[in-house]
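By convention here, the first residue in the shown sequence is residue 1.
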Amino acid sequence: MTEIKAGLEDIVVGQQDICFIDGDKGELVYRGYHIDELAPYATFEEIVYLLWHGKLPNQKELAQLNDRLVARRSLNEDHLKLIRSMPSNARPMSVCRTGVSQIGLYDPEKLTFDKETSLLKADDILAKTPTIMATFDRYRRGLRPIPPREDLSHAANFLWMLNGKEPTREAEKALDLYLVLLAEHDYNASTFACRVTASTWAGMYSAVVSGIGALSGHAHGGAVQEAMEQFQEIGNVNNVEPWFEGCLNSKKRIMGIGHRVYKALDPRAPHLRARVEALAGQSENRKWFDIAAKLEEITGQHPFFQERKLYPNVDYYSAPLLHMLGLENDMFTPMFALSRIAGWCAHIMAQYADNRLIRPRADYVGPKGLKWTPLEDR
Ligand SMILES: CC(C)(COP(=O)(O)OP(=O)(O)OC[C@H]1O[C@@H](n2cnc3c(N)ncnc32)[C@H](O)[C@@H]1OP(=O)(O)O)[C@@H](O)C(=O)NCCC(=O)NCCS
């Protein structure tokens, strides 16, 4: 009998040189660089270049990438019309999916798969998606959209378009770090979805839309919103313990804890935790950090979590970080997408460069040989 691994757990389905994860040691490596090496120094734009080209950019290469992205940040009047026509209560993740699909309609490039053309499409998706999300969020708040600026980084420009004021250096750095840490994660569900779509020789926009759909569920990118909702439900640090007991009794999962691959602390979590603590130190209200830190401490000491090797994942401290940057909870998962587009596009380009249709088999366990019954006799 064929051995089935539910959820393809631990099944190796390909080779790639973009990202390495050691789940037991809690290690994450982008293109040979350990995340601890990148997190303190790299900007998101440098990570994009690293993922797409396999090496860190020199100054000229970084400036060229920046120019390409900046030139593609704006939305045309048709894009804006579509966003204006979206229901204001639409889920932002659905807006993200529809928005990327729509910019694909205006892609002037042919459906070709060479690296140079793919890079243009990747630039387009990476540069325009933040504008789509900020524009939608402002429309639904009854505010006029704010056009992108050319003189701001990817992170700062997004906060500018969202809030209409330049972010503080701390806020820009916090969002930039977030984007760096979430940019790539090997064959996770959304990246695999992108690869499956790309393997049919579908275009880059279609492949990224597949990724956005796969990211939206709470076993993947959707968890970050639910993590914030749970911290808000806890409400204050004194309520962490009773809330946790209630969770155990009702067998409810704690959002932002556990990972399919990491059986040690997710290496991105300490970087995010430190940044959240720094942001909290500057704010009048450090309660989100205190609640998250307390819940981490309690789960870390509990045998159920110890035995199952359940630790905070990337979403756990992303939630208070994005909240402290002023984002609505339902914008958190689209933020994940804004970063992961970098990794998705790297994988899609790698898939095109060495493609074979991804087409697994399944064991059929249903009946055979049934006889047709006319409709009126059923
Ligand atoms: C991420 C996740 C889907 C990985 O799941 P998985 O590898 O399929 O692990 P399983 O669902 O098989 O869980 C293994 C055990 O740990 C428990 N568990 C896993 N995550 C848990 C959590 N967040 N809270 C409480 N218990 C959890 C399961 O109940 C199960 O217990 P059991 O052995 O008694 O049946 C899972 O940890 C989860 O649902 N986490 C919360 C959502 C989340 O943060 N998602 C973002 C991932 S980056």
Please enumerate all residues that pass ring pair (Phe, Tyr, Trp, His ring centres under 6.0 Å) together with His271, with sequence neighbours excluded.
none

Residues passing the side-chain contact (heavy atoms from CB on, under 4.5 Å) test with Pro367, sequence neighbours excluded, are Tyr364, Leu370

Quick one: side chains of residues 213-220, donor-acceptor pairs under 3.5 Å with protein atoms, not counting sequence neighbours, listed by atom name and distance.
residue : atom : partner : partner atom : Å
Ser216  : OG   : Gly213  : O            : 2.7
His218  : ND1  : Glu226  : OE2          : 3.2
His220  : NE2  : Asn188  : OD1          : 3.3
His220  : NE2  : Ser190  : N            : 3.3
His220  : NE2  : Ser190  : OG           : 2.9

Applying salt bridge (charged side-chain N to carboxylate O under 4.0 Å, His left out) to Lys287 and not counting sequence neighbours gives none

Sorted by chain and number, sequence neighbours left out, salt bridge (charged side-chain N to carboxylate O under 4.0 Å, His left out) with Arg149 holds for Asp151, Glu166

Could you tell me which residues satisfy side-chain contact (heavy atoms from CB on, under 4.5 Å) with Thr117, sequence neighbours excluded, listed by chain and number?
Glu109, Thr112, Asp114, Lys121

Could you give the side-chain donor-acceptor pairs of residues 245-258 under 3.5 Å, partners two or more places apart or in another chain?
residue : atom : partner : partner atom : Å
Asn249  : ND2  : Glu245  : O            : 3.3
Ser250  : OG   : Gly246  : O            : 2.9
Ser250  : OG   : Cys247  : O            : 3.4

Apart from Leu265 itself, its cluster of hydrophobic side chains linked below 4.5 Å comprises Tyr311

Does Leu105 sit in a hydrophobic cluster with other residues, and if so which ones, taking ILVMFWY side chains as linked at heavy-atom separations under 4.5 Å, directly or through other members?
Tyr106

Distance check, rounded to the nearest 0.5 Å: Leu322 atom CG versus Leu175 atom CG?
7.0 Å

Filter on side chain to side chain donor-acceptor pair (under 3.5 Å), then keep only pairs touching residues 315-325, sequence neighbours left out; what's left?
Arg273-Tyr317, Trp288-His323, Glu296-Tyr317

Pairs touching residues 13-29 that satisfy side chain to side chain donor-acceptor pair (under 3.5 Å), sequence neighbours left out:
Asp17-Arg31

If you group Ile, Leu, Val, Met, Phe, Trp and Tyr whenever their side-chain heavy atoms sit less than 4.5 Å apart, what else falls in with Leu8?
Ile11, Val13, Tyr187, Phe192, Val196, Ile358

